[in-house]
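For reference, the structure discussed in these notes is given below.
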Amino acid sequence: MLALTTMRILRSLTLLTAVLAVGATSAPTALAADGITRGTTYADAPDNRYLLGGDWLFRLDSAGAGLTQRFQRQTDTDGWAKTSIPNAWNAGDNSVASMLGTVGWYRKDFRLPDGRARMDWLVRFESVNYRTSVWLNGKPIGRNTGAYLPFDLRLPRDALKRRGVNRLVVRVDNRRLPTDFPPSGLTGSGDPAGGWWNYGGILREVYLQRVDRIDISSLLVRPELPCATCAATVLMRMTVRNYADRPNSVSVSGSFGGKRVRFGSKGVPARSFATFSRRIRVAKPRLWTPATPHLYRARFTVSLRGQKVVGHELHSGIRSIEVVDGRLQLNGRAVALRGVGLHEDDLVTGSAITAARRAQIVAQAKELGGTVIRAHYPLHPEIHELADRQGLLIWSEIPVYAIKTRYLKRLEVRKLAARELEENIIANQNHPSVMLWSIGNELSARPGPVQGNYIARATRQAKALDPTRPVGLAVAGYPAAGCTPHYAPLDVVGLNDYFGWYPGPNGQIADRDGLSDFLDGIRACYPKKAIVVSEFGAEANRDGPVEERGTFQFQQDFFNYHHAVHASKPWLSGSFYWALQEFRVRPNWDGGNPRPNSPIHEKGLLRFDGSKKPAWFDAQRLFAATPQLGAP
Ligand code: GCU
């Protein structure tokens with residue numbers, strides 16, 4: 001009898017919790033209506049994220065005060081247009097005003113996927129250009145400066161609606177300053193300067209992140225390989241954060257390559273952090289290289305009193321990359337890498353590229369036969385993963401791009417650079433594809449104490465955060481610059497080689513025949529550093545005589561000549577063509593081409609529509625003929 005009553009009570013209890021849970025978690029239809037789907041577009045992620053997709057509203061409006069309250073109260077959509085995220089509001093608008101930037105607003109109404117009171121919530125933006133302010137239900141919740149790197153904002157409990165509709169309002173200002181990354185500026189002819197189009201908007205995905213009392217605040221999986229035939233060790237370190245107002249006993253378990261790893265348990269005081277760390281040994285590691293991109297799955301489960309609250313999975317690759325006697329070595333072999341520079345750009349969407357476009361970019365770079373991709377800014381997380389899986393190395397650079405020394409001199413600029421460098425390393429260090437941290441591109445070609453100070457600080461900082469990767473800088477390849485002591489802290493000097501394309505100051509690079517001696521001069525300057533050609537390229541948009549700039553024939557000849565000189569330097573660790581594909585750069589761009597097609601940058605081996613130029617095939621042939629990963 002008793003047993004029966006208990007059974008009945010238990011059954012009704014389970015029913016009750018189920019109802020409550022359903023009540024608490026929004027109905028699938030509501031979630032779908034809000035365009036919320038569990039998960040991320042990339043695999044290496046915690047499992048408590050929800051893609052905040054579906055319909056968003058957008059408007060351009062540079063009016064100032066009172067707008068947020070008005071937008072918060074507004075019940076209709078007057079003045080707003082439907083859009084989806086990622087979004088670049090000025091994709092395809094090639095006007096000066098579009099390049100200069102303006103203020104855009106986004107609005108998103110959503111219900112929480114899980115309304116239980118114990119849950120905290122974050123909103124994560126993967127990349128917003130440039131200055132972002134965010135409101136939840138009319139309450140300001142945070143700001144961010146800078147694009148290409150993710151930032152999280154907490155949704156305050158006192159503003160959050162657990163049931164019903166929440167409203168997120170996001171103000172985005174893409175007007176740049178000369179102290180921004182990249183900086184604004186004017187060309188000699190008074191046009192807005194810049195190396196790529198200033199797309200405004202929420203350029204990558206947005207996620208809600210559910211925090212069930214404990215969240216993972218940082219995760220490191222760092223393989224170390226003393227030699228190519230040695231056993232490897234893998235440092236696995238996780239920091240968790242207790243969001244609750246009371247202490248919690250947390251346990252962490254995991255695995256690496258299917259082997260269980262125990263991290264143990266810790267009491268985490270209220271509203272504070274704890275770190276779990278283990279170093280494991282892999283006796284006979286299968287090494288990661290672009291030709292054999294072997295990955296190990298690393299899994300983590302965080303539990304409270306035996307109940308999982310969050311999990312995280314990522315794919316790690318065991319390899320070493322270092323500079324030895326002036327050569328870049330991958331797993332102990334001196335390399336002669338080949339590759340391309342690229343932008344996340346698209347004819348239609350601008351830099352708010354889709355997953356299909358991301359996959360296409362990586363597939364194109366692989367098809368070309370190179371082993372390296374380089375961009376002027378941290379690439380999308382998914383591109384990192386595709387590179388891990390498909391075997392491409394990434395020259396990972398922060399957009400400290402042609403910043404003038406008088407601005408680099410300012411403390412706030414160097415502080416922002418340091419922050420970007422740190423965020424890039426924290427966001428992307430678990431990817432085996434990342435070969436190097438680049439601290440900038442084309443700062444003054446005659447570095448003085450200001451730049452020297454920046455290089456020394458940034459290199460020190462990068463090494464402190466990640467002692468397993470070299471640090472580099474891409475510099476304008478001008479012979480008159482000579483040798484400089486200010487590059488001493490660097491491991492890798494990247495040379496942007498435009499001999500025979502641009503004249504350079506006082507015509508010093510007008511004649512391509514100066515290239516070989518220039519490279520030898522650089523070698524003599526920095527015998528212990530790895531030297532790569534981080535860029536070389538020529539615009540091409542028509543058929544014509546080989547001696548005529550801007551023709552496909554000139555581009556082919558340029559490519560073959562430069563590649564032959566690069567290949568003739570056995571000490572050169574890499575040569576990267578700029579660029580894989582055409583992209584939008586700025587109004588009145590000519591790029592050295594007497595018959596340009598502004599604003600399109602046409603040095604690409606692929607046209608903007610993806611079709612191949614003749615030089616593509618030269619590059620493919622020469623890359624295939626180069627023993628890029630070194631002799632066995
Ligand atoms: C520079 C710069 C690139 C630019 C290239 C060019 O070296 O780093 O961003 O596109 O020159 O002029 O084509």
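For ligands, and for the atoms within them, numbers begin at 1 and follow the listed sequence.
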Open item on the list: Using the ring centroid of each side chain, check whether Phe559 and Trp616 are separated by less than 6.0 Å.
Closed with: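 When the ring centroids of Phe559 and Trp616 are compared, they turn out to be at least 6.0 Å apart.
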Open item on the list: Suppose we call two aromatic rings close when their centres sit under 6.0 Å apart. Are Phe536 and His566 close by that rule?
Closed with: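 Distance test on ring centres: under 6.0 Å, yes.
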Task: Check ion pair Arg607-Asp609 (N to O, under 4.0 angstrom) - done: no
Open item on the list: Surrounding CZ of Arg143 (heavy atoms of other residues, nucleotides or ligands, distance under 6.0 Å), is the total greater than 12?
Closed with: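 Check fails, neighbour count at 12 or below.
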Task: Asn541 versus Arg595, side-chain donor and acceptor atoms under 3.5 Å - done: no
Task: Donor-acceptor pair between Asn593 and Arg542 side chains, under 3.5 angstrom - done: yes
- [ ] Report all protein residues having a heavy-atom distance below 4.0 Å to some atom of ligand 1; order the list by chain, then number.
- [x] His376, Tyr401, Asn441, Glu442, Asn496, Tyr498, Tyr502, Glu535, Trp578, Trp589, His601, Lys603
